[in-house]
2 protein chains.
Amino acid sequence: MKQLEHPCQEALTLTAVLAALSDSVRLDIVRELAECGERGSSAFDCDIANSTLSHHLKVLRLAGVIQHRKEGTRCFVSLRPCMERAFPGLLASVLRFHPADVRAEAEAPTA
Amino acid sequence: MKQLEHPCQEALTLTAVLAALSDSVRLDIVRELAECGERGSSAFDCDIANSTLSHHLKVLRLAGVIQHRKEGTRCFVSLRPCMERAFPGLLASVLRFHPADVRAEAEAPTA
DNA sequence: ATCTATGTTCGACGAACATCGAATGAAAGA
DNA sequence: TCTTTCATTCGATGTTCGTCGAACATAGAT
């Protein structure tokens with residue numbers, strides 16, 4: 001069973017992590033993983049092509065944010081503990097804030 | 001004296017802030033501002049063209065991270081307090097970590 | 001009024017990115 | 001073995017980004 005490559009902890013860079021988190025699709029993915037733990041990679045409800053999702057997961061993986069675990073033909077992703085060691089508290093500091101659209105919905109009058 | 005435009009606090013988005021911080025030149029600028037306070041915009045010692053520096057400052061300004069203050073022909077930039085209100089603690093959480101090259105220098109043997 | 005110093009904007013360029021569909025790969029099941 | 005299923009990779013396309021030099025704008029000095 002071929003596993004995907006993960007960079008070692010020393011190779012993680014702050015700018016790469018921030019770049020990985022600066023996309024709304026990827027930020028949603030990370031948020032979901034932080035709240036619900038490991039998920040099958042097909043369990044994300046974003047309206048994008050499968051190949052695009054795979055690309056975003058790769059970006060997050062190469063930045064050190066998530067890890068892939070293959071099991072048969074399926075693939076599970078979760079937050080990478082290594083990330084917390086390299087940049088302790090960073091992820092929590094980012095996920096504390098909700099994305100712009102959610103804030104807008106919460107603040108805007110319903111009408 | 002024409003001042004430059006700054007977005008209002010409600011318009012700031014998390015992804016835009018992260019994207020603004022995901023460039024090493026801009027991260028260095030923010031780090032310097034956080035440590036030394038307001039600076040003249042020509043006082044940054046990055047080896048880039050003036051127009052490129054201006055571009056980076058614009059990205060940071062539009063993301064809400066910094067503010068511009070013009071005084072005569074000169075221009076001073078500083079961290080924007082509004083940023084701390086919109087995303088309290090975020091900047092500190094990011095700046096706590098040093099950029100990759102600095103870490104590499106600190107960890108790698110000199111030989 | 002003209003010059004000078006300081007910054008911003010414009011136009012252009014290559015590099016990197018987000019996206020998609022198609023092709024490929026890998027593993028389980030018939 | 002053949003098929004099916006799931007995910008990654010490839011190739012293509014349009015967009016965005018970082019960078020530069022040149023042109024412009026503004027304010028002070030001569």
Side-chain angles (χ1 to χ4, degrees), chain A residues 1-7 13-30 32-33 38-63 65-78 99-101, chain B residues 1-7 13-30 32-33 38-63 65-78 99-101:
Chain A
M1 175 152 345
K2 194 181 67 173
Q3 296 291 336
L4 297 174
E5 258 188 75
H6 293 74
T13 69
L14 180 56
T15 50
V17 172
L18 294 175
L21 298 177
S22 69
D23 181 277
S24 62
V25 173
R26 293 195 290 264
L27 196 53
D28 285 346
I29 291 175
V30 172
E32 212 158 326
L33 290 178
E38 188 182 64
R39 304 205 60 171
S41 71
S42 58
F44 296 102
D45 56 348
C46 27
D47 279 345
I48 56 178
N50 222 321
S51 54
T52 306
L53 173 61
S54 193
H55 160 69
H56 283 307
L57 292 177
K58 183 177 184 178
V59 172
L60 287 170
R61 188 181 74 242
L62 293 183
V65 180
I66 68 173
Q67 58 189 4
H68 279 204
R69 179 175 66 83
K70 306 207 86 170
E71 188 173 297
T73 69
R74 306 194 53 192
C75 171
F76 296 89
V77 298
S78 56
D101 42 341
Chain B
M1 179 157 339
K2 194 181 67 174
Q3 295 292 333
L4 297 175
E5 259 187 75
H6 294 74
T13 70
L14 181 55
T15 50
V17 172
L18 294 175
L21 297 177
S22 69
D23 181 275
S24 62
V25 172
R26 292 195 291 262
L27 197 52
D28 286 345
I29 292 175
V30 172
E32 211 157 327
L33 290 178
E38 188 181 65
R39 304 205 60 172
S41 70
S42 59
F44 297 102
D45 54 350
C46 27
D47 277 347
I48 55 178
N50 221 321
S51 55
T52 304
L53 173 61
S54 192
H55 160 71
H56 284 306
L57 293 177
K58 183 178 185 179
V59 172
L60 286 171
R61 188 181 75 242
L62 293 183
V65 180
I66 68 173
Q67 60 189 3
H68 279 205
R69 179 175 67 84
K70 305 206 86 169
E71 188 172 298
T73 68
R74 305 193 54 192
C75 171
F76 296 89
V77 298
S78 56
D101 43 343

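Note that the structure is a prediction, hence the values are computed from the model and not measured. These values consider heavy atoms only, across backbone and side chains, with no hydrogens, waters or symmetry-generated copies. Residue numbers start from 1 in every chain, and the chains themselves are labelled A, B, ... in the order their sequence lines are given, proteins ahead of strands.
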Is there side-chain contact between B:C46 and B:D28, with at least one heavy-atom pair below 4.5 Å?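 Result no, sub-4.5 Å side-chain heavy-atom pair not found.
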Would you indicate whether the side-chain heavy atoms of B:R69 and B:Q67 approach each other to under 4.5 Å?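 A side-chain contact under 4.5 Å is absent here.
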Interatomic distance, [X] [atom1] vs [N] [atom2] [rounded to whole Å]:
X: B:D23; N: C:dA16; atom1: CG; atom2: P; result: 13 Å
X: A:L62; N: C:dA16; atom1: CG; atom2: C1'; result: 14 Å
X: A:I29; N: D:dA7; atom1: CD1; atom2: P; result: 13 Å
X: B:D28; N: D:dG18; atom1: CG; atom2: P; result: 14 Å
X: B:L60; N: D:dG18; atom1: CG; atom2: C1'; result: 13 Å
X: A:H56; N: D:dA7; atom1: NE2; atom2: P; result: 16 Å
X: A:I48; N: D:dA7; atom1: CD1; atom2: P; result: 13 Å

Once side chain to side chain donor-acceptor pair (under 3.5 Å) is applied, do any residues pair with B:H56, and if so which ones, sequence neighbours excluded?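 Scan of B:H56 (side chain to side chain donor-acceptor pair (under 3.5 Å), adjacent residues dropped) gives B:R26.
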Can you give me the closest heavy-atom contact between [X] and [Y], atom names plus distance?
X: B:I29; Y: B:L53; answer: CD1-CD1, 3.8 Å
X: A:A19; Y: B:S22; answer: N-CB, 3.4 Å
X: B:I66; Y: B:H6; answer: O-CD2, 3.9 Å

At under 4.0 Å between heavy atoms, which parts of nucleotides 3-9 of chain C does protein reach? Answer with one letter per nucleotide, 5' to 3': B base, S sugar-phosphate only, - none. ---SSBB
